[in-house]
Protein chains: 2
Amino acid sequence: MAETEQELVDALREAGYRVTLQRRLICRVMAKAPGEHLSASDIVGRVGEAAGALDLSTVYRTLEVFEELGILHHVHLGHGPGIYHLSERSDHHHLMCERCGEVLDVPLDALEASFTDITRTFGFVPDGIHFAILGRHVDCPSSDPGAPTDRE
Amino acid sequence: MAETEQELVDALREAGYRVTLQRRLICRVMAKAPGEHLSASDIVGRVGEAAGALDLSTVYRTLEVFEELGILHHVHLGHGPGIYHLSERSDHHHLMCERCGEVLDVPLDALEASFTDITRTFGFVPDGIHFAILGRHVDCPSSDPGAPTDRE
DNA sequence: CTGATTGCAAAAGATTTGCAACTAT
DNA sequence: ATAGTTGCAAATCTTTTGCAATCAG
(Lines give C-alpha, C1' and ligand atoms only; values in the text may rest on other atoms or scores of the structure.)
Protein backbone atom coordinates (compact mmCIF):
# COMPACT_ATOMS: atom_id res chain seq x y z
CA MET A 1 0.00 0.00 0.00
CA ALA A 2 1.15 3.49 -0.85
CA GLU A 3 2.27 5.35 2.24
CA THR A 4 5.49 7.17 1.51
CA GLU A 5 6.13 9.95 -0.95
CA GLN A 6 8.03 7.54 -3.17
CA GLU A 7 5.32 4.90 -3.10
CA LEU A 8 2.73 7.48 -4.02
CA VAL A 9 4.85 8.76 -6.89
CA ASP A 10 5.44 5.22 -8.10
CA ALA A 11 1.73 4.50 -8.03
CA LEU A 12 1.14 7.48 -10.29
CA ARG A 13 3.83 6.43 -12.72
CA GLU A 14 2.68 2.82 -12.80
CA ALA A 15 -0.81 3.96 -13.64
CA GLY A 16 0.58 5.86 -16.61
CA TYR A 17 0.36 9.35 -15.18
CA ARG A 18 3.23 11.76 -15.50
CA VAL A 19 5.22 12.67 -12.46
CA THR A 20 5.46 16.42 -12.17
CA LEU A 21 7.02 18.56 -9.50
CA GLN A 22 3.55 19.61 -8.33
CA ARG A 23 2.36 16.04 -7.98
CA ARG A 24 5.52 15.09 -6.13
CA LEU A 25 4.98 17.94 -3.69
CA ILE A 26 1.41 16.87 -3.06
CA CYS A 27 2.59 13.31 -2.46
CA ARG A 28 5.11 14.63 0.01
CA VAL A 29 2.54 16.60 1.98
CA MET A 30 0.10 13.68 2.11
CA ALA A 31 2.84 11.26 3.17
CA LYS A 32 3.98 13.60 5.92
CA ALA A 33 0.52 14.17 7.38
CA PRO A 34 -0.39 10.86 9.00
CA GLY A 35 -3.77 11.03 10.64
CA GLU A 36 -4.36 14.66 9.79
CA HIS A 37 -7.44 16.14 8.19
CA LEU A 38 -6.23 18.17 5.24
CA SER A 39 -8.33 20.21 2.87
CA ALA A 40 -7.15 21.03 -0.64
CA SER A 41 -6.24 24.48 0.48
CA ASP A 42 -4.37 23.16 3.52
CA ILE A 43 -2.27 21.21 1.06
CA VAL A 44 -1.50 24.32 -0.94
CA GLY A 45 -0.49 25.99 2.30
CA ARG A 46 1.88 23.22 3.31
CA VAL A 47 3.46 22.96 -0.08
CA GLY A 48 3.92 26.70 -0.08
CA GLU A 49 6.00 26.44 3.06
CA ALA A 50 8.27 23.90 1.42
CA ALA A 51 8.46 25.13 -2.15
CA GLY A 52 7.08 27.50 -4.76
CA ALA A 53 3.48 28.16 -5.62
CA LEU A 54 0.95 25.48 -6.41
CA ASP A 55 -2.50 26.19 -7.76
CA LEU A 56 -5.62 24.98 -5.99
CA SER A 57 -7.01 23.63 -9.25
CA THR A 58 -3.91 21.51 -9.67
CA VAL A 59 -4.40 20.12 -6.19
CA TYR A 60 -8.02 19.24 -6.89
CA ARG A 61 -7.07 17.62 -10.18
CA THR A 62 -4.31 15.61 -8.58
CA LEU A 63 -6.45 14.52 -5.65
CA GLU A 64 -9.05 13.41 -8.13
CA VAL A 65 -6.47 11.23 -9.86
CA PHE A 66 -5.50 9.69 -6.55
CA GLU A 67 -9.12 8.98 -5.74
CA GLU A 68 -9.56 7.25 -9.08
CA LEU A 69 -6.57 5.10 -8.24
CA GLY A 70 -8.09 4.32 -4.87
CA ILE A 71 -5.05 5.72 -3.10
CA LEU A 72 -6.92 8.33 -1.16
CA HIS A 73 -10.42 9.39 -0.22
CA HIS A 74 -12.11 12.55 0.78
CA VAL A 75 -14.57 12.98 3.61
CA HIS A 76 -16.85 15.78 4.70
CA LEU A 77 -16.69 16.70 8.34
CA GLY A 78 -19.37 19.36 8.18
CA HIS A 79 -20.24 22.27 5.98
CA GLY A 80 -16.63 23.17 5.38
CA PRO A 81 -14.30 21.93 2.66
CA GLY A 82 -13.73 18.24 2.08
CA ILE A 83 -10.74 16.72 3.81
CA TYR A 84 -8.35 14.18 2.34
CA HIS A 85 -6.83 10.98 3.71
CA LEU A 86 -4.55 8.33 2.36
CA SER A 87 -6.73 5.25 2.02
CA GLU A 88 -5.01 3.13 4.63
CA ARG A 89 -5.41 5.98 7.05
CA SER A 90 -9.07 6.48 6.37
CA ASP A 91 -10.29 3.07 7.45
CA HIS A 92 -12.23 4.69 10.21
CA HIS A 93 -15.32 6.81 10.70
CA HIS A 94 -15.31 10.41 11.81
CA LEU A 95 -17.31 11.79 14.68
CA MET A 96 -17.41 15.55 14.94
CA CYS A 97 -18.56 17.38 18.05
CA GLU A 98 -20.92 20.16 17.05
CA ARG A 99 -20.02 22.17 20.07
CA CYS A 100 -16.23 22.16 20.11
CA GLY A 101 -15.43 20.97 16.60
CA GLU A 102 -13.15 18.15 17.69
CA VAL A 103 -12.96 15.21 15.28
CA LEU A 104 -12.74 11.72 16.71
CA ASP A 105 -11.63 8.80 14.59
CA VAL A 106 -13.38 5.57 15.43
CA PRO A 107 -12.67 2.12 14.01
CA LEU A 108 -14.85 0.83 11.22
CA ASP A 109 -16.24 -1.94 13.38
CA ALA A 110 -17.81 0.60 15.72
CA LEU A 111 -20.68 0.72 13.26
CA GLU A 112 -20.32 -2.71 11.76
CA ALA A 113 -23.12 -4.36 13.70
CA SER A 114 -25.64 -1.76 12.60
CA PHE A 115 -24.34 -1.74 9.06
CA THR A 116 -24.73 -5.49 8.85
CA ASP A 117 -28.32 -5.12 10.00
CA ILE A 118 -28.95 -2.43 7.44
CA THR A 119 -27.58 -4.60 4.68
CA ARG A 120 -29.74 -7.52 5.76
CA THR A 121 -32.88 -5.46 6.21
CA PHE A 122 -32.65 -2.94 3.41
CA GLY A 123 -30.34 -4.58 0.89
CA PHE A 124 -28.02 -1.63 1.17
CA VAL A 125 -24.27 -1.69 1.79
CA PRO A 126 -23.09 1.49 3.51
CA ASP A 127 -19.62 2.72 2.77
CA GLY A 128 -19.97 4.82 5.85
CA ILE A 129 -16.81 6.81 5.47
CA HIS A 130 -17.88 9.72 3.33
CA PHE A 131 -19.61 11.93 5.86
CA ALA A 132 -18.79 12.52 9.48
CA ILE A 133 -21.32 11.65 12.14
CA LEU A 134 -22.21 14.80 14.01
CA GLY A 135 -23.05 14.89 17.66
CA ARG A 136 -21.74 16.02 21.01
CA HIS A 137 -19.20 15.01 23.56
CA VAL A 138 -21.09 13.77 26.60
CA ASP A 139 -18.80 16.01 28.57
CA CYS A 140 -17.62 18.52 26.02
CA PRO A 141 -14.23 20.02 26.89
CA SER A 142 -15.39 23.30 25.47
CA SER A 143 -17.71 24.01 28.40
CA ASP A 144 -16.84 27.58 27.78
CA PRO A 145 -18.53 28.72 24.58
CA GLY A 146 -15.23 30.12 23.50
CA ALA A 147 -14.03 28.91 20.13
CA PRO A 148 -16.66 26.57 18.74
CA THR A 149 -14.95 25.47 15.55
CA ASP A 150 -18.13 26.01 13.61
CA ARG A 151 -17.91 23.53 10.81
CA GLU A 152 -21.64 22.93 10.87
CA MET B 1 -46.65 18.87 16.45
CA ALA B 2 -46.78 21.15 13.45
CA GLU B 3 -47.84 19.28 10.35
CA THR B 4 -50.38 21.31 8.45
CA GLU B 5 -49.99 24.69 6.82
CA GLN B 6 -52.09 26.25 9.55
CA GLU B 7 -50.15 24.63 12.36
CA LEU B 8 -46.89 25.84 10.87
CA VAL B 9 -48.25 29.37 10.49
CA ASP B 10 -49.52 29.32 14.05
CA ALA B 11 -46.14 28.19 15.33
CA LEU B 12 -44.55 31.18 13.66
CA ARG B 13 -47.06 33.60 15.09
CA GLU B 14 -46.84 32.13 18.56
CA ALA B 15 -43.09 32.53 18.48
CA GLY B 16 -43.54 36.20 17.72
CA TYR B 17 -42.68 36.10 14.02
CA ARG B 18 -44.81 37.90 11.50
CA VAL B 19 -46.88 35.88 9.10
CA THR B 20 -46.23 37.03 5.57
CA LEU B 21 -47.57 35.72 2.30
CA GLN B 22 -44.16 34.27 1.53
CA ARG B 23 -43.93 32.41 4.79
CA ARG B 24 -47.44 31.10 4.35
CA LEU B 25 -46.55 29.78 0.91
CA ILE B 26 -43.47 28.05 2.25
CA CYS B 27 -45.56 26.47 5.01
CA ARG B 28 -47.98 25.27 2.39
CA VAL B 29 -45.30 23.63 0.31
CA MET B 30 -43.70 21.92 3.29
CA ALA B 31 -47.05 20.68 4.59
CA LYS B 32 -47.95 19.28 1.19
CA ALA B 33 -44.70 17.41 0.71
CA PRO B 34 -44.84 14.56 3.20
CA GLY B 35 -41.78 12.38 2.99
CA GLU B 36 -40.21 14.34 0.18
CA HIS B 37 -36.68 15.64 0.01
CA LEU B 38 -36.95 19.31 -0.87
CA SER B 39 -34.11 21.73 -1.41
CA ALA B 40 -34.57 25.47 -0.97
CA SER B 41 -34.77 25.89 -4.69
CA ASP B 42 -37.29 23.05 -5.02
CA ILE B 43 -39.45 25.06 -2.65
CA VAL B 44 -39.16 28.15 -4.80
CA GLY B 45 -40.16 26.03 -7.76
CA ARG B 46 -43.24 24.63 -6.08
CA VAL B 47 -44.37 27.98 -4.79
CA GLY B 48 -43.87 29.39 -8.23
CA GLU B 49 -46.36 26.93 -9.61
CA ALA B 50 -48.96 28.01 -7.09
CA ALA B 51 -48.33 31.74 -6.78
CA GLY B 52 -46.07 34.66 -7.65
CA ALA B 53 -42.34 34.90 -7.27
CA LEU B 54 -40.47 34.10 -4.10
CA ASP B 55 -36.81 34.80 -3.61
CA LEU B 56 -34.36 32.08 -2.67
CA SER B 57 -32.92 34.22 0.09
CA THR B 58 -36.34 34.54 1.64
CA VAL B 59 -36.68 30.79 1.59
CA TYR B 60 -33.32 30.30 3.29
CA ARG B 61 -34.18 32.90 5.90
CA THR B 62 -37.54 31.35 6.59
CA LEU B 63 -36.16 27.84 6.77
CA GLU B 64 -33.58 29.13 9.23
CA VAL B 65 -36.38 30.47 11.44
CA PHE B 66 -38.12 27.12 11.33
CA GLU B 67 -34.93 25.35 12.27
CA GLU B 68 -34.49 27.66 15.24
CA LEU B 69 -38.00 26.78 16.32
CA GLY B 70 -37.17 23.10 15.94
CA ILE B 71 -39.97 22.67 13.45
CA LEU B 72 -37.80 21.44 10.65
CA HIS B 73 -34.31 20.20 9.94
CA HIS B 74 -32.03 20.07 6.98
CA VAL B 75 -29.96 17.12 5.91
CA HIS B 76 -27.24 16.61 3.32
CA LEU B 77 -27.68 13.68 1.00
CA GLY B 78 -24.48 14.19 -0.90
CA HIS B 79 -22.63 17.03 -2.54
CA GLY B 80 -25.81 18.71 -3.68
CA PRO B 81 -27.96 21.23 -1.87
CA GLY B 82 -29.28 20.55 1.60
CA ILE B 83 -32.77 19.12 1.79
CA TYR B 84 -35.47 20.05 4.25
CA HIS B 85 -37.88 17.99 6.30
CA LEU B 86 -40.54 18.75 8.84
CA SER B 87 -39.15 17.49 12.13
CA GLU B 88 -41.66 14.74 12.73
CA ARG B 89 -40.90 13.50 9.29
CA SER B 90 -37.15 13.47 9.74
CA ASP B 91 -36.92 11.04 12.62
CA HIS B 92 -35.04 8.68 10.40
CA HIS B 93 -31.64 8.29 8.79
CA HIS B 94 -31.00 8.61 5.09
CA LEU B 95 -29.17 6.06 3.00
CA MET B 96 -28.25 7.16 -0.48
CA CYS B 97 -27.18 4.76 -3.21
CA GLU B 98 -24.13 6.14 -4.94
CA ARG B 99 -24.98 4.32 -8.11
CA CYS B 100 -28.64 5.16 -8.72
CA GLY B 101 -29.15 8.06 -6.33
CA GLU B 102 -32.15 6.58 -4.58
CA VAL B 103 -32.64 7.72 -1.00
CA LEU B 104 -33.87 5.21 1.56
CA ASP B 105 -35.31 6.33 4.86
CA VAL B 106 -34.47 4.00 7.73
CA PRO B 107 -35.73 4.21 11.29
CA LEU B 108 -33.52 5.78 13.91
CA ASP B 109 -33.14 2.52 15.77
CA ALA B 110 -31.42 0.94 12.78
CA LEU B 111 -28.26 2.56 14.09
CA GLU B 112 -29.15 2.75 17.74
CA ALA B 113 -27.14 -0.24 18.87
CA SER B 114 -23.94 1.12 17.37
CA PHE B 115 -24.64 4.62 18.57
CA THR B 116 -25.09 3.37 22.10
CA ASP B 117 -21.73 1.62 21.84
CA ILE B 118 -20.12 4.77 20.54
CA THR B 119 -21.49 6.79 23.41
CA ARG B 120 -20.25 4.25 25.92
CA THR B 121 -16.83 3.87 24.34
CA PHE B 122 -16.06 7.37 23.15
CA GLY B 123 -18.24 9.58 25.31
CA PHE B 124 -19.86 10.93 22.19
CA VAL B 125 -23.57 11.21 21.44
CA PRO B 126 -24.27 11.09 17.69
CA ASP B 127 -27.22 12.99 16.36
CA GLY B 128 -26.93 10.91 13.26
CA ILE B 129 -29.44 12.69 11.14
CA HIS B 130 -27.49 15.44 9.54
CA PHE B 131 -25.68 13.58 6.79
CA ALA B 132 -26.82 10.69 4.69
CA ILE B 133 -24.98 7.40 4.79
CA LEU B 134 -23.67 6.65 1.34
CA GLY B 135 -23.38 3.19 -0.07
CA ARG B 136 -24.87 0.86 -2.64
CA HIS B 137 -27.92 -1.24 -3.16
CA VAL B 138 -26.84 -4.87 -2.96
CA ASP B 139 -28.82 -5.33 -6.13
CA CYS B 140 -29.01 -1.84 -7.55
CA PRO B 141 -32.05 -1.34 -9.79
CA SER B 142 -29.98 0.89 -12.01
CA SER B 143 -28.00 -2.01 -13.46
CA ASP B 144 -27.93 0.06 -16.57
CA PRO B 145 -25.64 3.02 -16.02
CA GLY B 146 -28.36 5.22 -17.36
CA ALA B 147 -29.32 8.11 -15.14
CA PRO B 148 -27.13 7.95 -12.08
CA THR B 149 -28.61 10.84 -10.07
CA ASP B 150 -25.16 12.11 -9.34
CA ARG B 151 -25.53 13.82 -5.99
CA GLU B 152 -22.10 12.65 -4.91
C1' DC C 1 -46.31 54.18 12.90
C1' DT C 2 -42.24 51.20 13.34
C1' DG C 3 -39.63 47.43 13.25
C1' DA C 4 -39.71 42.95 10.86
C1' DT C 5 -39.40 41.11 6.34
C1' DT C 6 -38.75 41.10 1.44
C1' DG C 7 -36.37 41.23 -3.15
C1' DC C 8 -32.46 42.25 -5.51
C1' DA C 9 -27.82 42.32 -6.24
C1' DA C 10 -23.56 41.27 -4.65
C1' DA C 11 -20.42 38.46 -1.79
C1' DA C 12 -18.59 34.37 -0.06
C1' DG C 13 -16.63 29.72 -0.12
C1' DA C 14 -15.69 25.28 -2.42
C1' DT C 15 -14.97 23.19 -6.50
C1' DT C 16 -14.78 22.86 -11.62
C1' DT C 17 -13.57 24.17 -16.25
C1' DG C 18 -11.56 26.44 -20.63
C1' DC C 19 -7.51 27.51 -22.58
C1' DA C 20 -2.92 28.92 -23.83
C1' DA C 21 1.69 28.01 -22.19
C1' DC C 22 4.71 24.51 -20.57
C1' DT C 23 7.04 19.99 -19.77
C1' DA C 24 7.65 14.89 -18.90
C1' DT C 25 8.33 11.19 -21.60
C1' DA D 1 7.54 15.83 -30.93
C1' DT D 2 3.32 15.40 -28.59
C1' DA D 3 0.09 14.44 -25.41
C1' DG D 4 -0.45 15.19 -20.52
C1' DT D 5 -0.25 19.04 -17.04
C1' DT D 6 -0.16 23.46 -15.16
C1' DG D 7 -1.61 28.18 -13.81
C1' DC D 8 -4.72 31.63 -14.32
C1' DA D 9 -9.03 33.48 -14.80
C1' DA D 10 -13.61 32.76 -15.12
C1' DA D 11 -17.65 29.98 -14.26
C1' DT D 12 -20.67 27.14 -11.20
C1' DC D 13 -23.34 26.15 -7.38
C1' DT D 14 -25.15 26.74 -2.79
C1' DT D 15 -25.79 29.76 0.78
C1' DT D 16 -25.26 34.29 3.05
C1' DT D 17 -25.45 39.26 3.50
C1' DG D 18 -26.25 44.48 2.82
C1' DC D 19 -29.65 47.58 1.96
C1' DA D 20 -33.50 50.26 0.45
C1' DA D 21 -38.36 49.47 -0.19
C1' DT D 22 -42.39 47.31 1.73
C1' DC D 23 -45.68 45.40 4.89
C1' DA D 24 -47.69 43.12 9.26
C1' DG D 25 -49.15 44.13 13.61
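Naming: A, B, ... by sequence-line order, numbering from 1 per chain.
Going from atom CD1 of A/I43 over to atom C1' of D/dT6 covers 17 Å, rounded to whole Å. With rounding to whole Å, A/L63 atom CG is found 15 Å from D/dT5 atom C1'. Residue B/L38 contributes atom CG, which lies 15 Å from atom P of D/dT14 at whole-angstrom precision. In this structure, B/E68 places its CD atom 14 Å from P of C/dA4, rounding to the nearest Å. B/D42 has its CG atom 15 Å from the C1' atom of D/dT15, to the nearest Å. Going from atom CZ of B/F66 over to atom P of C/dT5 covers 12 Å, rounded to whole Å. For the pair B/D55 CG and C/dA4 C1', the computed distance is 17 Å after rounding to whole Å.
Within the 4.0 Å cut-off from OP1 or OP2 of D/dG7, at least one side-chain nitrogen or oxygen of A/Q22 is found. The phosphate of D/dT5 (OP1 or OP2) has no side-chain N or O of A/R61 nearer than 4.0 angstrom.
For the pair A/L95 and B/I118, the minimum side-chain heavy-atom distance is below 4.5 Å. Using a 4.5 Å cut-off on side-chain heavy atoms (C-beta onward), A/L54 and A/I26 make contact.
Classification of B/R23 and B/E5 as a salt-bridged pair fails, no side-chain N sitting under 4.0 Å from a carboxylate O. Of the charged side-chain nitrogens involved, none lies within less than 4.0 Å of a carboxylate oxygen, so that A/E102 and A/R136 do not count as a salt-bridged pair.
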Just the atom pairs and distances: protein N or O near nucleotides 23-25 of chain D's N or O, under 3.5 Å.
{"residue": "D/dA24", "atom": "N3", "partner": "B/R18", "partner atom": "NH1", "Å": "3.0"}
{"residue": "D/dG25", "atom": "OP1", "partner": "B/R13", "partner atom": "NH1", "Å": "3.4"}
{"residue": "D/dG25", "atom": "OP1", "partner": "B/V19", "partner atom": "N", "Å": "3.4"}

With 3.5 Å as the limit, what N/O pairs link the protein to nucleotides 12-16 of chain C?
{"residue": "C/dT15", "atom": "OP1", "partner": "A/G82", "partner atom": "N", "Å": "3.0"}
{"residue": "C/dT15", "atom": "OP2", "partner": "A/Y60", "partner atom": "OH", "Å": "2.2"}
{"residue": "C/dT15", "atom": "O5'", "partner": "A/Y60", "partner atom": "OH", "Å": "3.2"}

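Within the 3.5 Å criterion, the main-chain N or O of A/G82 finds no donor-acceptor partner in the side chain of A/S39. Without hydrogens or angle criteria, B/T116 side chain to B/E112 main chain gives a donor-acceptor distance under 3.5 Å.
Relative to the side chain of B/T58, the nucleotides D/dT5, C/dG7, C/dT5 differ in distance, and C/dG7 lies closest.
Note that the CG atom of B/L86 and the CD atom of B/E7 stand 10.0 Å from one another [nearest 0.5 Å]. Between A/R61 atom CZ and A/D55 atom CG the span is 7.5 Å, to the nearest 0.5 Å. To the nearest 0.5 Å, the span separating NE2 on B/H74 from OH on B/Y60 amounts to 9.5 Å.
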